[in-house]
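See structure below.
Note that the numbering runs from 1 along the sequence shown for the chain. One-based numbering, in listed order, for ligands and for the atoms of each.
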Amino acid sequence: MEQRETFSSRFSAIMVMAGSAIGLGNIWRFPYMVGENGGAAYIIIYLLATLFLSVPIFLSESIIGRRSQRGTFGALQVLAPGTKWKYVGLLTVFSALTVLCFYSVVGGWSIYYCLKSLTFSFSNVNAHQVPDMFGTLIAHPWIPLFCHTVFLLLTAMIVGFGVKKGIERFSSITLPLLFFLILVIIIYSMSLPGASKGVAYLVKPDFSKITPSVVVAAMGQSFFSLSLGVGTILTYSSHIGRREKLLGAGVATALSDVLFALLAGFAIMPAVFAAGIEPGAGPSLIFETLPYIFASMGSPVVSAIAAILFFVAILVAALTSSISILETGVSYLTEQKNMSRWPAVFVLFVLTWIVGCLCSLSFGPLKDFHLMGCTIFEFCDKLTANFLMTLGGFLFTLFVGWKMSKSDVRDELTLGGTDRTAVRLFGLLYFLIRYIAPLVIITIFLTNLIL
Ligand code: PHE
C-alpha cells in the first residue's frame, strides 16, 4: 500500500476540497438546472438543501475519512470491521466513476471551446448570428470523442503524479484565478441590453413551480456540486492533517461552492435572456450563451482574450474536480487491490474512457438509444445526481449518526475538544447528521418516487 500523504496546510486542504467541489457542476450544470426548474424558487431549495443536508453529509464524510485514514472502501472496513458497510464504499466508487464518464465528455467540450477561442472564433461573428457551434461540435463524428479522450488523459496524468505533487499544487494555483474571471464576466453580462429579465429570473421566486421532482433535482444538484455521496470528500479528508479543523474546512468549502454557483448563475442567466436563448435549453445552455457574450463584446481582441481566459478557467475548474473523482477510484485500487498508482490510473482510465465514449456518442449516432427514457449521457447524469449520490449521502449520515460511537464522532469533529466552535455547535450538528439529514433525504426521495 502507498504511504499516505497529508496536505501541506489548512489552506491547501481547503483549496483541494473546494477544487473538487467547484467545477462544471457550478458553471455548466447549475445554470441549466436553474433554467429547467424555474429559476429563483429552485435556488432557494438548493440553498436550504445545502445548509441542512449537504453540510451534515460533508462533515460525515470528513469524519469517516480522517478517522480511518483510508479511501472509501477501506474506511468503512476499518471503522466497522466484519460488517457489510464496506460495500457501501464499493458502491460509492462505482458512483464516482459513473460521474467521471459523462463529466469528461463535458470537460472535452470545454477543451474544444478553448481551442476555438485560441483561434479567435468568437470575435469574427455578429452577436446576433452566433453560429450554432455547439450543434456542430456534438454532431461531429470524432472531435467530441477526441476532446473527451484528451480531457481524461490530462486527468489521469495529474492523478498519476500523486496527491501532493499533482493534485494539491494544481488546485492551489488555479482556483483564485477562476473567481476573478467569473466576476469580470458577470459585470459584462449584466450590462447587456435585456439582461435585467435574467436577473429577475434569479431573484424573484415563483413558488408554484415547486414540485417533488424540482426538490429532488435541487437536492441532487447540491450533492453533485459539493462532490457528496460518492466517497470523494471522504477520500480527500483522509489526507487532512490530524490537527486541522474539519468543521472550518467543511464550511469554507460549502460557502465557496455555493457562492461560485450563484456567481455562475448571475454570469450566465442575464446573457441567456439578452440573447433570447431558452433558459430550459439543457446541457447546451452555457455553450450557446457564452459565445454570444464574447461575440457581443465588439472589439475582436478584447473578446478573444476574454474567451481564452474564461474557457481555460472552466477547463481547469473541471480538471480539479475530475481528478478528485478519479482519485476516489485510484485510492480503492491502491489500498485494496495492492496495485501501484500508475497501473490503477490506467485501468480506471480505460473503463471510464469506454463508457464516456458512449455518453459522448449519445448526442450523435446513439441519440435514439434510450435507457428508461434517457440517452446514455442523461442516464449517467440522472442516475448519479438524483439517485446514487443521494443514496450515498444518506448512508454516510446513517453510518456516522448510528454506527459510529458518539464519542468518536465528537472527538474527530471537535479535535478532542480543542476546536471551540465545533464544541459549541456539536449538539446541533450531531442532531442534523443523526436525524434531520437522513429523514429529510428519505422523505423527499420516497415522495418523488410515489408521485
Ligand atoms: N462537484 C463537482 C462539480 O461541481 C463534480 C463532482 C461530483 C466532483 C462528484 C467529485 C465527485 O463540478
Side-chain angles (χ1 to χ4, degrees), residues 14-34 46 49-50 54 57-58 61-62 65 71-72 89 91-110 151-152 155 158-159 167 170-171 174-175 178-179 182 218-237 250 253-265 283 286 313-332 348 352 356 380-393 396:
I14 295 176
M15 280 297 135
V16 171
M17 303 240 253
S20 167
I22 297 174
L24 295 171
N26 309 59
I27 306 170
W28 158 76
R29 200 173 188 278
F30 181 73
Y32 92 74
M33 290 303 282
V34 171
Y46 159 79
T50 304
S54 296
I57 298 176
F58 194 105
E61 288 201 35
S62 301
T72 175
L91 173 80
T92 60
V93 170
F94 170 78
S95 316
L97 295 174
T98 311
V99 172
L100 188 56
C101 298
F102 73 90
Y103 204 84
S104 73
V105 172
V106 185
W109 297 344
S110 62
F151 183 84
L152 213 48
T155 304
I158 303 172
V159 174
I167 297 175
F170 192 70
S171 301
T174 48
L175 260 191
L178 195 63
F179 260 99
I182 200 127
M219 185 170 84
Q221 171 61 25
S222 178
F223 297 172
F224 186 86
S225 192
L226 266 171
S227 315
L228 298 176
V230 294
T232 297
I233 294 300
L234 189 161
T235 305
Y236 268 8
S237 299
T253 308
L255 277 180
S256 45
D257 185 57
V258 164
L259 178 67
F260 205 85
L262 294 177
L263 289 178
I286 69 158
I314 293 189
L315 173 61
V316 166
L319 282 170
T320 54
S321 300
S322 61
I323 55 182
S324 72
I325 312 178
L326 187 58
E327 176 64 23
T328 309
V330 167
S331 77
Y332 168 68
L348 298 181
T352 43
C380 290
D381 177 322
K382 295 225 161 75
L383 175 71
T384 47
N386 292 356
F387 180 66
L388 291 175
M389 296 180 115
T390 312
L391 180 65
F396 284 138

For ligand 1, which atoms, with element, lie under 4.0 Å from some heavy atom of [X]?
X    : value
S324 : 10 (C)
V230 : 9 (C), 11 (C)
G25  : 3 (C), 4 (O), 12 (O)
L24  : 12 (O)
N26  : 4 (O)
S20  : 1 (N), 2 (C), 8 (C), 10 (C)
I325 : 8 (C), 10 (C), 11 (C)

Exercise. Among protein heavy atoms, which sits nearest to atom 4 (O) of ligand 1, and what does the distance come to when rounded to 0.1 Å?
Worked result: A21 O, 2.7 Å
Exercise. If you measure from each non-hydrogen atom of M389 to ligand 1, which part falls under 4.0 Å: side chain, backbone, both or neither?
Worked result: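 Only the side chain of M389 comes within reach of ligand 1.
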Exercise. Given that the side chain starts at C-beta and the backbone is N, CA, C, O, which of these parts of S227 lies under 4.0 Å from ligand 1, counting heavy atoms, or is it both or neither?
Worked result: both
For this session: Pick whichever of F260, Y103, F224 has a heavy atom sitting closest to atom 12 (O) of ligand 1.
Result: Y103
Exercise. Parallel, tilted or perpendicular for Y103 and F224, by the 30°/60° rule?
Worked result: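 Tilted: the ring planes of Y103 and F224 meet at 30° to 60°.
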Exercise. Should the pair F30 and Y46 be assigned to parallel (<30°), tilted (30 to 60°) or perpendicular (>60°) ring geometry?
Worked result: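 Plane angle between 30° and 60°, so tilted.
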Problem set entry | Donor-acceptor under 3.5 Å (Q221 side chain, A385 main chain) |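 A pair under 3.5 Å: no.
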Are [X] and [Y] packed together at the side-chain level, in the sense that at least one heavy-atom pair is separated by less than 4.5 angstrom?
X    : Y    : answer
L326 : L348 : yes
Y236 : T328 : no
T72  : F396 : yes

Problem set entry | Contact check, A96 vs ligand 1, heavy-atom distance below 4.0 Å | no
For this session: Tell me yes or no: between the side chains of S95 and T384, is some donor less than 3.5 Å from an acceptor?
Result: no
Exercise. Do S324 and S20 have side-chain N/O donor and acceptor atoms under 3.5 Å apart?
Worked result: yes
